[in-house]
Amino acid sequence: MAEFINLALLALLALTALRIIFLKDLFSVVMLFGIYSFLSASIFLNLDAVDVAFTEASVGAGISTVLMLGTLALTGRKEKASKHSSCLPLVVVCVTGAVLIYGTLDMPPFGDPNNPAHQHVAPRYIEESLKEVGLPNMVTSVLASYRGFDTLGEVVVVFAAAIGVLSLLGIRRQKDELVADTGLKEHRVLHVIAKLIIPLIILFALYVQFHGDFGPGGGFQAGVIAAAAFILYTLVFGLKRTFVVVSPKFLAWMASIGVLVYACVGLFSMFKGGQFLDYNQLAADPIAGQHYGIIIIELGVGITVFAAMLSIFYAFESQVERSNVQ
Amino acid sequence: MSFVLDYYNYWVVVFLMMTGFYIVISANNLVKKIVGLNIFQTSVFMLYITVGKVSGGTAPIVTEGVSLYSNPLPHVLILTAIVVGVATTALGLSLVVRIKRAYGTVEENEFENKDDAI
Amino acid sequence: MTVVLSAVCITILIVMALAMARAFNAKTVYDRILGVNMFGTKTVLFIAASGFLMGRPDFLDIAIVYALINFIGMIAVLRFFEYTAPIE
Amino acid sequence: MLILDIVSALLLIAGGFFGLSGAIGLFKFPDFYTRVHSASVTDSIAVILIMGGLLLQTSFDINTAKLLFIMLFLMLTSPTASHALAKSARHGGLASMAEAKMDEQENNNNG
């Protein structure tokens, strides 16, 4: 049954990608891209990558789609007909595709336990991580402990991207420039329901943040889900009212604090006499030290991702509202 | 049949990758190009996760009574790659917005002409 | 029970395919949004049902995220749709 | 235990049936507003039935709570989304079938 679901979902995914090529209405392209992300998340789930499915569903489908829609509101939704002939790209793509298909024939068969990928580092993670780190979720142990330095790099990349977007677009801080009642003000039912479910979303984000050690989830996903709650608030009630709740300046502080918390854990373990990000030094018992370390750095990741994603959204949304005023 | 099942995932990955590639090189509109880039990117994610799957295995979260788990390493790599991917997408989209403001268009051939005029 | 769950999974897959067909070829843009929305809610059900089918129902968190993001995406579409003139 | 299984199977099958009928309605109904009707009403009932069927298979643990949460969430958001969509369509000037017919008749009378 799992194989059948895999076949069917991949076929639907290929169809969606094919349809996106021929659509000229960019609004529809972005909506189909949302479907594409959802489908690929279901495929990840079916291939046992629970955490990846979680991230793709929240980050890929949610944030990218919202940002693309915001861009379309600024750039217009019609793609003009291209004047180039599409012959040359088609030939290039077909030749490259044929070469790659030829290359796949040398790949190990799908799902074989004797594949080279499963021989080298993975057995250690699978067999030892419960003893060494003490968390049931191997993905979290590898992410936060074994490859903690790598994850620090990723968090810095997210932080840098937020700085990049803010320096390119900037958030309008003058309150007068924003209209008092933007957002979907005609939709009364939406106002009531949004007020009802936003607390539920934040609650769920906290659950994901702190349950990530035992089930799917963790800082990246929790940060995005918490940001999604405020994005929903902005979409329904307008940017001006959201600025009262979470101001852009506060977010800038939060984003840096998250990275600093992460890096400080590393420095603290060095101070205790271990290597950078060596959590065993954080407490007398190595396992307890690992637990403290992972909880704190996941919190740092969550705070940074939340602040970075929300400020990126603020930047786009303030552009949209400004262009709407003019 | 088992030959097809063994390689089906890889073929779909190649197809998606080429679809994304085609959109990137043939589309005229910058937003559509970014959508193409994202499709390309997702196909790479799919390749990694396909490699990490073990038949009969289950998700790499320790539970009682399960001994065969899928490979957790590709999952970690892709999890962070997705978040970074969104960060780069956001940066690309903000560049598109700036291009629209500077040139008044996001169609590739149109602002190329304007560049010549300047 | 496995038979029933498989049947339900396949039915939901068919419904997803139909909703997708609606989103691919729609007379108005609203029909397209409707198809996308229906696809989203049916995916939530699919994930829940397939979790029980595979015998590891502890991944329902992902279904919750789907439901949540689907709603937010829908609201975002309606919100930004106001700023763009319809062409269909 | 057996009775619970049978009830759960019945609920699941009924849910699948309603989902399918909604999807067919998406193609068969004549105008947008009737299509919203077919999609959203069957959506709600399919959610209740399928989630109910799955609830009977849990052994009252955290999965039960999560299923209830999903159900509550979908019951709140799915009708709201349909309502907002229909309202936007109305606001955007999309005519229903009856209105389109009336317009046509008026044009015929005038012409």
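Note on naming: letters A, B, ... go to the chains in the order of the sequence lines (proteins, then strands), and numbering restarts at 1 for each one. When reading the values below, keep in mind they use all heavy atoms of this one structure, side chains included, and skip hydrogens, waters and symmetry mates.
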Atom group of D:L74 that falls short of 4.5 Å from chain C, counting heavy atoms: side chain
For C:A48, is it the side chain, the backbone, both or neither that has a heavy atom under 4.5 Å from a heavy atom of chain D? both
Under 4.5 Å from any heavy atom of chain D, what part of C:I10 do you find: side chain, backbone, both or neither? neither
D:H83, NE2: over 12 other non-hydrogen atoms inside 6.0 angstrom: yes
Pick one of side chain, backbone, both or neither for C:V15, based on which atoms fall under 4.5 Å of a heavy atom in chain D. both
Which atom pair, heavy atoms only, marks the closest approach of C:M38 to D:G19? CE-O, 4.2 Å
Can you tell which part of D:F69 gets under 4.5 Å to a heavy atom of chain C, answering side chain, backbone, both or neither? side chain
Any donor-acceptor pair under 3.5 Å from C:R22 side chain to D:L26 backbone: yes
Please report the interatomic distance OG(D:S78) to CE(C:M74), rounded to the nearest 0.5 Å. 9.0 Å
So which residue, D:L12, D:L54, D:I13, ends up with the most heavy-atom pairs under 4.5 Å with chain C? D:L54
As an exercise, state the distance from CZ of D:R35 to CG of C:L34, rounded to the nearest 0.5 Å. 8.0 Å
Nearest-0.5 Å distance that lies between atom CZ in D:R90 and atom OH in C:Y30: 11.5 Å
Part of D:I50 within contact of chain C (heavy atom distance under 4.5 Å): side chain
Pair D:T58-C:F52, side-chain contact (heavy atoms from CB on, under 4.5 Å): steps then yes or no: CA-CA 9 Å; D:T58 57; C:F52 278 86; 3.6 Å; yes
Evaluate the side-chain proximity of D:N63 to C:L60: yes if any heavy-atom separation is below 4.5 Å, no if none is. yes
Between the OG atom in D:S88 and the CZ atom in C:R79, the distance rounded to the nearest 0.5 Å is 11.5 Å
Residues, nucleotides or ligands: over 12 heavy atoms within 6.0 Å of D:F17 CZ: no
Interface moiety of C:N70 toward chain D, non-hydrogen atoms closer than 4.5 Å: neither
What's the spacing between D:I70 CD1 and C:T41 OG1 if we round to 0.5 Å? 12.5 Å
Nearest 0.5 Å please: distance from the NZ atom of C:K42 over to the OG1 atom of D:T42. 5.5 Å
Do the side chains of D:F73 and C:I64 get nearer than 4.5 Å, heavy atoms only? no
Closest non-hydrogen atom pair between C:N37 and D:A81, with its separation: ND2-CB, 4.0 Å
Tell me, for C:A21 versus chain D, whether the close heavy atoms (under 4.5 Å) come from the side chain, the backbone, both or neither. both
If you count heavy-atom pairs under 4.5 Å between each of D:A86, D:G22, D:A89 and chain C, which one has the most? D:A89
